[in-house]
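One structure below.
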Amino acid sequence: MPWHVYMVPQFIMMRSFGLNNTHLSIIFLQAFSAFGVFLMKQFYMSVPDELCEAARIDGMSEYSIWWKIMLPLSKPALSTLTIFTFVNTWNDFLGPLLYLTRTELKTIQIGLRMFISQYSSEYGLIMAASVVALVPVVIVFLSLQKFFVQGVATAGLKG
């Protein structure tokens, strides 16, 4: 379902929580998504059941199985989800435009739009700001690249 369908109810919900005009509203709305649920579900379905069964036979509780076995195995999936969610949130234009009305809270994507006026565009400033906006995305990707590549490399392996 497209976000435009439920953006008004989300706006009303964030306003009733008192999170309007805060960055927390954008973080909360983007942190939990259906994409993340399906991605992690598909990943956990690919983990062999024998690992959990062996841990149960050894006497581990469900929480320790998750903490000591499943969480280390899910680093590639979690890093992939982190990269996709961060890039999606960082590049979001309409969400911050809706939730953030004070100028000091505006995101860099809304700032890029401010360089475009009705009659002219400052292309030099737009390009410079675009490079600055790209730096955090590159930093997040490079810091999680090892796990991302590991997840892609082992995605086709069976058994």
Quiz prompt | Exam field: side chain Ser143 to backbone Val140, donor-acceptor pair closer than 3.5 Å | solution =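 Confirmed, Ser143 side chain pairs with Val140 backbone.
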Set of side-chain contact (heavy atoms from CB on, under 4.5 Å) partners for [X], sequence neighbours left out:
| X | value |
| --- | --- |
| Ser130 | Leu112, Ile126 |
| Leu142 | Val138, Gln145 |
| Thr107 | Pro96, Leu100, Gln109, Ile110 |

N/O donor-acceptor pairs under 3.5 Å from side chains in residues 5-14, not counting sequence neighbours:
unit_1: Gln10; atom_1: OE1; unit_2: Trp3; atom_2: NE1; d: 2.8

Quiz prompt | Heavy-atom pair of closest approach, residues Phe147 and Ser79 | solution =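 Heavy atoms of Phe147 and Ser79 come nearest at CB-OG, 3.1 Å.
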Determine all donor-acceptor pairs shorter than 3.5 Å in which one atom belongs to a side chain in residues 26-33; sequence neighbours excluded.
unit_1: Gln30; atom_1: OE1; unit_2: Asn88; atom_2: ND2; d: 3.4
unit_1: Ser33; atom_1: OG; unit_2: Gly36; atom_2: N; d: 3.2

Exercise. Taking side chain to side chain donor-acceptor pair (under 3.5 Å) as the test, write out the residues that go with Thr103, two or more places apart.
Key: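 Per chain and number, Thr103 pairs via side chain to side chain donor-acceptor pair (under 3.5 Å) with no residue.
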Self-check item: Non-neighbouring partners of Ser64 that pass side chain to side chain donor-acceptor pair (under 3.5 Å), sequence neighbours left out
Solution: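 Checked Ser64 against side chain to side chain donor-acceptor pair (under 3.5 Å); matches are Ser61.
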If you round to the nearest 0.5 Å, how far is [atom2] of [Y] from [atom1] of [X]?
| X | Y | atom1 | atom2 | answer |
| --- | --- | --- | --- | --- |
| Phe38 | Leu81 | CZ | CG | 13.0 Å |
| Ile108 | Phe93 | CD1 | CZ | 13.0 Å |
| Tyr44 | Leu39 | OH | CG | 10.0 Å |
| Ile116 | Leu125 | CD1 | CG | 11.5 Å |

Quiz item: If you group Ile, Leu, Val, Met, Phe, Trp and Tyr by side-chain heavy-atom gaps below 4.5 Å, do Phe141 and Val87 land in one group?
Solution: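 Linked, Phe141 and Val87 end up in one cluster.
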Practice problem: Among residues two or more places apart or on two chains, list those pairs meeting salt bridge (charged side-chain N to carboxylate O under 4.0 Å, His left out) that have a residue in residues 75-102. | Solution: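 Applying salt bridge (charged side-chain N to carboxylate O under 4.0 Å, His left out) to every pair that reaches into residues 75-102, excluding sequence neighbours, yields Arg102-Glu104.
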Quiz item: Do any pairs count as a salt bridge (charged side-chain N to carboxylate O under 4.0 Å, His left out) and have a residue in residues 47-62, sequence neighbours left out, and if so which ones?
Solution: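 Checked against salt bridge (charged side-chain N to carboxylate O under 4.0 Å, His left out) - neighbours excluded - the pairs reaching residues 47-62 are Arg56-Glu62.
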Exercise. Would you mind listing the cluster partners of Ile139? Hydrophobic ones only (ILVMFWY), side-chain contacts under 4.5 Å, chaining allowed.
Key: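 Taking Ile, Leu, Val, Met, Phe, Trp and Tyr as members, Ile139 shares its hydrophobic cluster with Val135.
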Quiz item: Which residue pairs satisfy the side chain to side chain donor-acceptor pair (under 3.5 Å) criterion with at least one member in residues 11-26, sequence neighbours excluded?
Solution: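 Checked against side chain to side chain donor-acceptor pair (under 3.5 Å) - neighbours excluded - the pairs reaching residues 11-26 are Asn21-Thr101.
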Practice problem: May I have the step-by-step check of side chain to side chain contact (heavy atoms under 4.5 Å, CB included) for Leu19 and Tyr99, ending in yes or no? | Solution: CA-CA 9 Å; Leu19 293 176; Tyr99 294 109; over 6 Å; no
Identify every side-chain donor-acceptor pair in residues 65-72 under 3.5 Å, counting partners at least two apart or on other chains, and give the distances.
none

